[in-house]
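Reviewing the structure listed below.
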Protein chains: 2
Amino acid sequence: MSKNKQEDIFQAAMELFGKRGYDGTTVPMIADKAKVGAGTIYRYFENKESLVNALFVKCVEQFFDAIRKDFPQNSEVRQQFNHIFRRMFVFAKDNSNALQFINSHDEGYYLNEKSNQTFQDFLGFFRNVIEEGIDQGVIRPLPTNAHIAIVYGAFGMLFSHIQSGRMEETPELLNELEESLWNAIRVN
Amino acid sequence: MSKNKQEDIFQAAMELFGKRGYDGTTVPMIADKAKVGAGTIYRYFENKESLVNALFVKCVEQFFDAIRKDFPQNSEVRQQFNHIFRRMFVFAKDNSNALQFINSHDEGYYLNEKSNQTFQDFLGFFRNVIEEGIDQGVIRPLPTNAHIAIVYGAFGMLFSHIQSGRMEETPELLNELEESLWNAIRVN
DNA sequence: TAAATAGGAATGAATATTCATTCCTGAAGA
DNA sequence: TCTTCAGGAATGAATATTCATTCCTATTTA
């Protein structure tokens, strides 16, 4: 029997929300998977919406921290890009449920102000790196959001293909993918 | 008063599913928006799941047709890429609801065999072009799914940014984006 | 033993689906 | 030409089910 029920609920909700979506997941489903009573969930969260928001913030912050940790603030932009790219895939491998949950919920109508802000802050980190790159003339002078969409959008679908087994993740492939995406945003 | 109720139902469902997801959309919501009685929906579709599947197949086929039409079968791969890229954005502009619906439902647990197959056939079209490009030595020799994920994944998030107004679509930007994505997949 | 925690059956609201009825349209009859 | 009528289409209230949330009891902890 687990000691930390809140964490059990988070894990169960993350998996179910990630696979079936927010509205496709019922509270009793979460309770079953977490091996707690349905009522117990309401001891830890005010309601289903609070749960999904708390979980979203938690997951995005984990992802954000994983990327920020040891970030080479004073290195070349190319090196910073390498850091971000690698950390994204490491996080994806270690926390595939979290990532699947984030990617399928970041536009949910049930997300509150804090959740949306947290996600914006996360993307803001990429924004800074890209703007720095544009200023230095190493990244193409396009709207920052365009570069973010290319890199993060591609990453999302790459992850989904790896996750589902339609593609195999190897160190060599990762090297190639990093170069592909860098080629997309760099000046020639 | 509209003449074609089935089409009214399709349109309403497409918008609502696209914005709120399958489980977040109720049948009465669809009926209201389509301006038909709730029961009428069941004269045209066996149930909610049949509706979402019929709609998914219809939308993907429309998207597929829009891209296949006038496809330059005998041109260079670079030219074929140009064709696909442009058609995707034209379709996105003219059918934003359809595209939003497709992109948010292509992994839904409620999709049946036919829906999944239709989507795979659609991606298969890209696959052929990319494989041809790899054979000719103009596209990098990576798994085809990797290239598809990069291009289609990036496209999906670019569309989402344009759609929501976070980015403005201009002819110049489109030219740049096409080049960015081609740079991602081409050999250097 | 008192207080806090957990459980899960009970509840009421919301939802998908059904169905008895009404509404239209166009043909038949006067 | 006007009226009647048949049958398919449409409706939305009614039903059966599912769901989020509550609440009372049992269990654990201090």
Side-chain angles (χ1 to χ4, degrees), chain A residues 1-59 101 104-105 108-115, chain B residues 1-59 101 104-105 108-115:
Chain A
M1 203 253 288
S2 168
K3 213 73 251 245
N4 192 341
K5 305 221 176 234
Q6 167 151 357
E7 189 53 30
D8 292 348
I9 294 165
F10 269 142
Q11 287 299 326
M14 195 162 72
E15 264 186 62
L16 287 163
F17 285 153
K19 288 195 211 326
R20 307 180 44 97
Y22 174 68
D23 288 297
T25 301
T26 70
V27 174
M29 276 183 207
I30 297 169
D32 280 358
K33 185 172 277 268
K35 301 208 177 96
V36 301
T40 304
I41 290 176
Y42 290 85
R43 294 194 52 76
Y44 291 93
F45 303 97
E46 198 187 330
N47 51 36
K48 191 184 173 187
E49 203 168 300
S50 296
L51 166 56
V52 76
N53 277 284
L55 181 60
F56 186 80
V57 168
K58 176 179 136 93
C59 288
F101 168 69
S104 55
H105 288 72
Y109 63 89
Y110 35 75
L111 291 190
N112 62 23
E113 192 50 49
K114 187 180 177 201
S115 292
Chain B
M1 200 253 289
S2 167
K3 214 73 251 252
N4 192 340
K5 308 235 172 222
Q6 167 151 357
E7 189 54 30
D8 292 347
I9 293 165
F10 269 142
Q11 287 301 323
M14 195 162 72
E15 265 185 63
L16 288 164
F17 285 154
K19 289 195 213 320
R20 308 181 42 97
Y22 174 68
D23 288 297
T25 301
T26 71
V27 173
M29 276 182 206
I30 298 170
D32 280 358
K33 182 171 278 268
K35 298 204 179 103
V36 300
T40 305
I41 289 176
Y42 291 86
R43 292 193 52 76
Y44 291 93
F45 304 97
E46 199 188 329
N47 51 38
K48 190 184 174 189
E49 202 167 302
S50 296
L51 167 57
V52 76
N53 277 283
L55 181 61
F56 185 79
V57 168
K58 176 178 134 94
C59 288
F101 168 69
S104 56
H105 289 71
Y109 64 89
Y110 37 74
L111 290 189
N112 62 24
E113 192 49 49
K114 188 183 176 198
S115 293

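Side chains included, hydrogens not; waters and symmetry mates left out as well; all remaining heavy atoms used. By convention in this document, chain letters (A, B, ...) are assigned in the order of the sequence lines, proteins followed by strands, and residues within each chain are numbered from 1.
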Residue A38(A), side-chain atoms from C-beta onward, closest of dT17(C), dT21(D), dA10(D):
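Taking heavy atoms from C-beta onward, the closest nucleotide is dT21(D).
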Which nucleotide in dG7(C), dT11(D), dT21(D) has an atom nearest any side-chain atom of K5(A)
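Out of dG7(C), dT11(D), dT21(D), the nucleotide with an atom closest to K5(A)'s side chain is dG7(C).
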Is any side-chain N or O of K35(A) closer than 4.0 Å to OP1 or OP2 of dA6(C)?
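It does not, given that no N or O in the side chain of K35(A) lies less than 4.0 Å from OP1 or OP2 of dA6(C).
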Can you confirm whether the side chains of S50(B) and N47(B) place a donor and an acceptor under 3.5 Å from each other?
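Short answer, yes.
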Would you say the side chains of N112(A) and S115(A) form a donor-acceptor pair under 3.5 Å?
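Present: a donor and an acceptor within the cut-off.
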Note: E7(B)-K58(B) ion pair, threshold 4.0 Å (strictly below):
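The answer is yes: the pair qualifies as a salt bridge.
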Do the rings of Y109(A) and Y22(A) sit parallel, tilted or perpendicular, given the 30° and 60° boundaries?
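Perpendicular, since the angle between the ring planes exceeds 60°.
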When you measure from the side chain of T25(B) to the backbone of R20(B), do you find a donor-acceptor pair of N or O atoms at a distance under 3.5 Å?
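No; zero donor-acceptor contacts below 3.5 Å.
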Taking the six-membered ring of F101(A) (Phe, Tyr or Trp), confirm whether the NZ or CZ of K19(A) is under 6.0 Å from its centre and within 45° of its axis.
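No, K19(A) does not sit over the ring of F101(A).
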Cation over ring face, K5(A) and F10(A), 6.0 Å, 45°
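Because its charged atom misses either the 6.0 Å distance or the 45° angle limit, K5(A) does not stack over F10(A).
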First locate atom OG1 of T40(A), then atom CD1 of I30(A), and finally report the distance between them rounded to the nearest 0.5 Å.
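Separation between the atoms: 13.0 Å.
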Tell me which residues in residues 23-31 of chain B put a heavy atom below 4.0 Å from DNA chain C, sorted by number, or none.
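Output list: T25(B), T26(B), V27(B), P28(B).
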Close residues, residues 44-56 of chain B, relative to DNA chain C [heavy-atom separation under 4.0 Å]:
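Here the set is N47(B), K48(B).
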